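Per chain, numbering begins at 1; letters A, B, ... match sequence-line order. Keep in mind that this is a model prediction, so the values were computed, not measured.
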Number of protein chains: 2
Amino acid sequence: MASIKDVAARAGVSVATVSRVLNSHPSVSPEARARVLAAVDALGYRPNAVARSLRTDQTRTLGLVISDVLNPYFTELARSVEEEARALGYSVIIGNADERPELQDHHVRTLLDRRIDGLLVSPTDGGSPLMLDAARAGTPMVFVDRWIPGVDVPVVRADGRAAIRDLVAHLYGLGHRRLAIIAGPAATTTGSERVEAFRDALREHRLALPEAYIGHGDFQADSGRRSTEAFLALPEPPEVVFAADNLMALGALDAIRAHGLRVPHDIALAAFDDIPWFVHTDPPITAIAQPTGELGRAAVRALVDRIEGRPPQSVTLPARLVVRSSCGEHAPTRRSNP
Amino acid sequence: MASIKDVAARAGVSVATVSRVLNSHPSVSPEARARVLAAVDALGYRPNAVARSLRTDQTRTLGLVISDVLNPYFTELARSVEEEARALGYSVIIGNADERPELQDHHVRTLLDRRIDGLLVSPTDGGSPLMLDAARAGTPMVFVDRWIPGVDVPVVRADGRAAIRDLVAHLYGLGHRRLAIIAGPAATTTGSERVEAFRDALREHRLALPEAYIGHGDFQADSGRRSTEAFLALPEPPEVVFAADNLMALGALDAIRAHGLRVPHDIALAAFDDIPWFVHTDPPITAIAQPTGELGRAAVRALVDRIEGRPPQSVTLPARLVVRSSCGEHAPTRRSNP
DNA sequence: ATCCTCCGTGTAATCGATTCCAGGGGCTCG
DNA sequence: CGAGCCCCTGGAATCGATTACACGGAGGAT
């Protein structure tokens, strides 16, 4: 592959001049510029990003460590992140943690080794030493969706409290009284927060959230299945299952179906995170939708601000309830979209 | 961030020795090794992958350019690719083309600029000059899922012909005679191939595939919607719609629903590419499943073989029909899985 | 005419690693 | 006792860029 030296030789100039042309430095004569450009063209020369990064100490690359690529929510997040980053002149390297802290660390480590300019993380756990060290060492970093408390890192996320209150009100209005939740890992903010919000909302209706009605999931389909089975085995099973993410809702649906029960006739189901398929499941699933694309874009903007020396800002956007039919039909406060 | 020089200084050795320790070169005294390791530890030193790559001319990184991250099929592919690559000591950088050739080129270009060791591509089109040049220039490359004819690049893919024949037989057995297909872009192999296989299978039953029954989609949900609307507007609409990928099936479902029709009562639906959600749609969708994980792994193995100087092999794995209820009930040849 | 300025250019240092080569020192063997 | 070898080590070149610095020449000001 042709290097800058080859271009210089062919154009009859020094490598410095070639570099100047490539970086559109002003003091280059038009003739030299033309000759360099011609040589670049003739050789099909492309600057070596590796060498450039070594010299300039910047890679114009962002790392994105997401909790699970198979989750459509994160996939959509990744897409909007890449889009915004590209618009700002950055590339994105995605690391998939599969909800496993050690895999998350693996990706953070290799991303750091590659000297990415900044890191976007949706932490799978309460924060490994590695990640904490990186944050303290001054690696530009922004948390998306989930975050780690007590670390001085901007957070871009959706606030689901209001939507969860709306959901509980909706369920209450439908006559449901025994509401269960399949939570995410307590180590994640979204795991604990959604339970808290749910509990608080129940309290407003003078409803309790017994321990048996809290499923301890891990944001994966299988845990949704297991939790739901545990609920169904209870002497008094819940009337509603609220899954804290879409994959666990899928698992719950599997389990309900395996028991020969029907939604919402026998048991109601709702989920956090809305995805296109929820419109077409049997029945369409009532869900809480996050402004995913906007979150991704805001996260990138915050990170790039931080990288380029501007003060980054935390952002919290509201989530909203999308009512469908998985919790019962009469649907008085219909805010759904098609 | 600490560099190899800092480590050398602290350990009281030269950078050469540090490098030797790091690369477990045999000729280093135990004492020197211990001192270096201690210094590495004390400084939290991590080798700069950028510098290393510049020197060794290898990045131990694979590029993966997929057609669409929002498509669960590709997301699963990406996951298995990353997994296998990690097992072999490589990282993966994913580029999402969003089914847009110019975006695909953008990613191929930046990946090449970063001097990735090899490229895994699922081409969005018939092959841009850039990609063709890269292949000719000897960039290690492997096509996954889709490929470009006439280029000497190994292909790892699923063969859907047999499964499509099974599907058509299934449909025919159910009494359907007017079968339509929503195809992908003709420029993609999977786009044209699936239509061909479908047409051939129809012929075996002495059925024709009129032009009006071929929807020209682009593998995105919206095109599935539009094609289906066109079908429904026909004086004699088809009895079955077969979508060449899962996103277009989703769009078809939207359109059918918008017309107030029901599947499979009013019109049957089947799709290429099976995804977990198809079990839970209303009704569960009959689909052709690819061995996605195996494809991803095989593709990585082929690429790494190529990179490391072993002869790479093309791989073709069979897809299989998964019968559910979206084409009608009586289901005689039930091969479904739960 | 002389001096200063500015423009265009090239030389060379530099980024952080890897690796070739040479050399010092200890050991074996004749 | 000396030659030769191996082991360990450090010096220095190198990868492909960017960029500080120096320098020559042209043009303007006095």
Listed nucleotide nearest any side-chain atom of Arg52(B), set dG16(C), dG10(C), dT18(C): dT18(C)
Would you say a side-chain N or O of Lys5(A) is under 4.0 Å from OP1 or OP2 of dA17(D)? no
Nucleotide dC15(C), atom C1' - distance to CG of Asp6(B) in whole Å: 13 Å
Between Val13(B) and Thr56(B), which residue's closest nucleotide on DNA chain D lies nearer the 5′ terminus? Val13(B)
Using whole Å, what does the distance between atom P of nucleotide dT19(D) and atom CG of Leu54(A) come to? 13 Å
Round to a whole Å and report the spacing from CE of Met1(A) to P of dG16(D). 11 Å
Ile4(A) CD1 - dT19(D) P separation (whole Å): 11 Å
Check ion pair Glu83(B)-Arg100(A) (N to O, under 4.0 angstrom): no
Could you tell me how far apart Asp57(A) (CG) and dG16(C) (C1') are, to the nearest whole angstrom? 10 Å
In terms of side-chain heavy atoms of Ala16(A), which of dG16(D), dT19(D), dT19(C) is nearest? dT19(D)
Check for a donor-acceptor pair, side chain of Arg35(B) on one end and backbone N or O of Ala11(B) on the other, with a separation under 3.5 Å. yes
List the atom of Asp125(A), the atom of Pro101(A), and the distance in Å for their closest heavy-atom pair. OD2-CB, 3.3 Å
Contact residues, residues 17-35 of chain A to DNA chain C [heavy atom, < 4.0 Å]: Thr17(A), Arg20(A), Ser27(A), Val28(A), Ser29(A), Ala32(A)
In a check of side chain to side chain contact (heavy atoms under 4.5 Å, CB included) between Asp98(A) and each of Ile66(A), Asn71(A), Asp68(A), Thr124(A), which one passes? Asp68(A)
According to a strict under-4.0 Å criterion, is Arg55(A) in side-chain N/O contact with OP1 or OP2 of dT14(C)? no
Can you tell me how far C1' of dT14(D) sits from CG of Asn48(A), to the nearest Å? 14 Å
How many Å lie between CD on Gln58(B) and C1' on dT18(C), as a whole number? 11 Å
Please report the shortest heavy-atom distance between Ala85(B) and Leu62(B), naming the atom on each side. CB-CD2, 3.9 Å
So, Arg86(A) and Glu82(A), do they make that salt bridge, N to O below 4.0 Å? yes
Should Glu294(B) and Arg301(B) count as an ion pair when the cut-off is N to O under 4.0 Å? yes
